[in-house]
Amino acid sequence: MYVRALSGVNSLDEIQITGGRALEGSVIVQGSKNAALPMMAASLLHRGVSVLRGCPRITDVYCMEEILKKLGAVSRWEGKDLYLDCTRADGTEICGDSTGRMRSSVILLGAMLGRSGRGTVGYPGGCVIGKRPVDIHVFALRCLGVSVQEKENGITARRLRSTGGTVVFPKKSVGATEQAVLSSVLSDGETVLKNCAREPEIVWLCRYLRGMGACITGEGSSCIRIQGVGTLNGGDLRVPADRIVAGTYLCAAAATRGRIIIENPPEGELDAFLDLYRKIGGQYEGKSGKLIADGRNVRFPVTFLETEAYPGFPTDLQSPVMAVLATIPGESHIRENIFEDRFRLAGELNKMGAAVRVSGKDAWIRGTETLQGCPVTACELRGGAALVLAALAARGDTVIRGYSYIRRGYEHICSDLAGLGAVIREINRNSFI
Ligand code: UD1
């Protein structure tokens with residue numbers, strides 16, 4: 001009862017920010033959430049120990065770790081390195097209580113199929129950014145000889161044949177591509193995935209698997225080929241820098257007209273974002289492996305920006321960019337093509353003095369140099385981080401409720417920003433209950 005009460009008040013966790021200071025300094029970006037989660041799932045494919053080095057200590061990683069432990073894995077942290085011993089992780093059922101907490105848990109189905117030939121997962125949860133169906137996952141598995149039954153409380157899958165196959169994805173999906181890769185690396189034949197997603201996190205997953213002995217080519221292009229192998233060794237890879245967190249911090253510099261150095265930028269993964277950065281008046285240069293970003297001249301609204309699958313502009317940076325545009329006088333226009341309910345922060349930005357108008361996929365943002373701090377509420381991960389940026393730019397004090405959403409993906413957002421000169425502190429009311 002007590003535990004439930006604690007988790008029930010999580011959304012009361014708050015961040016307090018006194019805005020108006022230009023950020024200055026350098027920051028090291030955490031490991032990538034969206035790369036780490038599929039690597040963790042892939043560890044199930046080896047009956048022994050795998051290690052993810054520099055794994056971010058964030059809620060979603062802990063959630064995935066808990067699910068793997070329920071399947072029989074043993075986990076251990078050594079500093080930032082996560083060791084996963086999947087010697088006895090032979091469980092094949094993950095209930096909805098676990099999967100409902102995190103969208104990417106659904107890809108464990110592919111990993112269980114690869115390992116045991118069968119699996120059941122409850123329907124996945126995740127951020128409230130719109131409908132998040134799993135039809136493409138199911139379609140891909142069926143193309144690969146898996147019998148899939150969708151029931152009221154989850155999906156049950158059983159491998160009928162193990163000879164590989166061809167999937168032509170009807171639409172690009174990061175998770176469904178990862179699902180198909182995970183379910184195929186231990187098959188007996190060749191698998192060809194066409195029109196697959198090209199996101200860097202898929203490339204990192206394939207690198208991790210190749211280090212385990214998998215035979216994969218073509219990742220990063222829209223056609224991936226997998227030659228099945230009999231067994232895999234343990235995985236061991238450093239989790240790459242998080243391109244979305246890096247983009248968020250670059251937005252923080254832009255929103256506050258500051259100048260920051262990213263010590264470990266995700267190389268070549270931020271091109272679409274950096275194009276936009278330049279268009280709004282930001283400048284950047286790469287030097288000695290670092291990225292120096294200067295937001296002091298950010299002042300141009302954006303005529304039109306739309307989110308697209310990689311290498312297009314990432315949907316996960318749409319909200320942070322909206323917060324920056326809310327600080328630029330004039331009107332900007334954003335179209336969100338990936339998720340249909342990803343403008344929830346608009347109302348909160350309006351409370352702070354911006355004028356954001358939303359109609360379907362489109363948002364028009366009339367920004368102001370004088371955002372005003374006030375109490376606001378985060379209701380999902382990236383929108384929550386965007387409110388932090390708006391608060392840094394605003395005059396006066398802002399209290400952001402719903403910090404727990406932000407912690408799903410940001411390991412040290414408060415201390416990282418404080419290190420750049422922000423006046424920011426976290427309040428965890430749980431400790432008072
Ligand atoms: C991943 C990322 C998420 C990012 C998203 C798009 C992880 C853990 N999460 O999510 O941060 O915002 O990619 O870059 O890596 N779709 C279907 N049917 C399906 C699957 C997806 O219609 O079976 C739709 C989705 O509703 C969405 C689009 O396809 O409109 C893309 O979704 P997808 O690429 O699958 O996103 P995720 O893998 O869930």
Side-chain angles (χ1 to χ4, degrees), residues 14-25 27 29 242-260 262 270 273 276-277 280-282 293-296 298-299 301-302 305 314-328 332 334 342-354 356 363 365 367-403 405-407 409-410 412-426:
E14 292 173 358
I15 302 181
Q16 292 184 353
I17 294 172
T18 304
R21 287 188 174 212
L23 297 189
E24 290 280 344
V27 64
V29 172
D242 193 309
R243 64 189 170 107
I244 305 303
V245 173
T248 304
Y249 292 167
L250 293 170
C251 285
T256 62
R257 310 299 189 262
R259 188 173 173 273
I260 67 165
I262 305 265
L270 276 172
F273 172 80
L276 182 273
Y277 206 71
I280 60 176
D294 187 343
R296 287 174 297 185
V298 164
R299 61 180 186 281
V302 178
L305 171 71
T315 174
D316 287 351
L317 284 174
Q318 181 261 107
S319 298
V321 163
M322 182 183 278
V324 177
L325 297 176
T327 70
I328 301 177
S332 296
I334 296 180
R342 219 170 192 184
F343 288 139
R344 287 186 175 212
L345 82 155
E348 303 303 289
L349 291 176
N350 288 346
K351 284 185 198 163
M352 300 176 79
V356 185
I365 302 111
T368 168
E369 276 167 343
T370 54
L371 285 180
Q372 201 62 50
C374 68
V376 289
T377 303
C379 64
E380 45 93 11
L381 166 60
R382 305 299 172 190
L387 290 175
V388 171
L389 309 187
L392 293 173
R395 293 179 179 176
D397 296 337
T398 298
V399 173
I400 300 167
R401 294 179 60 176
Y403 182 26
Y405 289 109
I406 301 170
R407 280 202 305 259
Y410 293 85
H412 301 301
I413 195 167
C414 291
S415 55
D416 284 350
L417 293 170
L420 296 170
V423 180
I424 181 168
R425 74 189 178 111
E426 49 189 72

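Keep in mind that what you see is a predicted model, and the values were worked out from it rather than measured. Heads up: numbering here begins at 1 and tracks the sequence.
The heavy-atom pair separating Ile260 from Ala253 by the smallest distance is CG1-CB, 3.8 Å. Among all heavy-atom pairs drawn from Ile244 and Asp242, the shortest one is N-OD1, 2.9 Å. Between Leu371 and Gly353 the shortest heavy-atom distance is CD2-C, 4.2 Å. Contact between Ile328 and Pro301 at its shortest, heavy atoms only, is CG2-N, 3.6 Å. The minimum heavy-atom distance between Pro314 and Arg243, with the atom names listed, is CB-NH1, 4.1 Å. Summarising the geometry of Phe343 relative to Gln318, their closest heavy-atom pair is CE2-OE1, 3.5 Å, with the distance given to 0.1 Å.
Interatomic distance, Ile406 CD1 to Ile413 CD1, rounded to the nearest 0.5 Å: 6.0 Å. The line from CG of Leu23 to CG of Asp416 is 11.0 Å long, rounded to the nearest 0.5 Å. Here Cys414 contributes atom SG and Ile424 contributes atom CD1; the two are 4.0 Å apart, rounded to the nearest 0.5 Å. Distance check, rounded to the nearest 0.5 Å: OG of Ser319 to CZ of Arg344 gives 11.5 Å. Taken to the nearest 0.5 Å, the OG1 atom of Thr377 stands 12.0 Å off from the CG atom of Leu345. Rounded to the nearest 0.5 Å, atoms OH (Tyr405) and CD1 (Ile400) are 14.5 Å apart.
Other residues, nucleotides and ligands contribute only 12 or fewer heavy atoms inside 6.0 Å of the CD atom of Glu369.
Side chains of Gln372 and Met352 form no contact here, defined as non-hydrogen atoms less than 4.5 Å apart. Contact of the Leu276 side chain with the Leu317 side chain is not registered, since no non-hydrogen atoms from C-beta on lie closer than 4.5 Å. Contact of the Ile280 side chain with the Val302 side chain is registered, since non-hydrogen atoms from C-beta on lie closer than 4.5 Å.
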Name every donor-acceptor pair, under 3.5 Å, that has one atom in a side chain of residues 387-399 and the other anywhere in the protein, sequence neighbours excluded.
unit_1	atom_1	unit_2	atom_2	d
Asp397	OD1	Thr18	OG1	2.8
Thr398	OG1	Cys374	N	3.4

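Not a single donor-acceptor pair under 3.5 Å links the side chain of Gln16 to the backbone N or O of Arg425. Of the possible donor and acceptor atoms, one in the side chain of Arg342 sits under 3.5 Å from a partner among the backbone N and O of Thr315. With hydrogens and angles ignored, the 3.5 Å screen pairs a side-chain donor or acceptor of Tyr277 with a backbone N or O of Leu250.
Considering only residues two or more places apart in sequence or on other chains, Arg296 meets the salt bridge (charged side-chain N to carboxylate O under 4.0 Å, His left out) condition with Asp294.
For the side-chain hydrogen bond (donor to acceptor under 3.5 Å, both in side chains) condition, no pair includes a residue of residues 383-392, sequence neighbours left out.
The closest side-chain donor-acceptor pair between Tyr410 and Arg382 falls under 3.5 angstrom.
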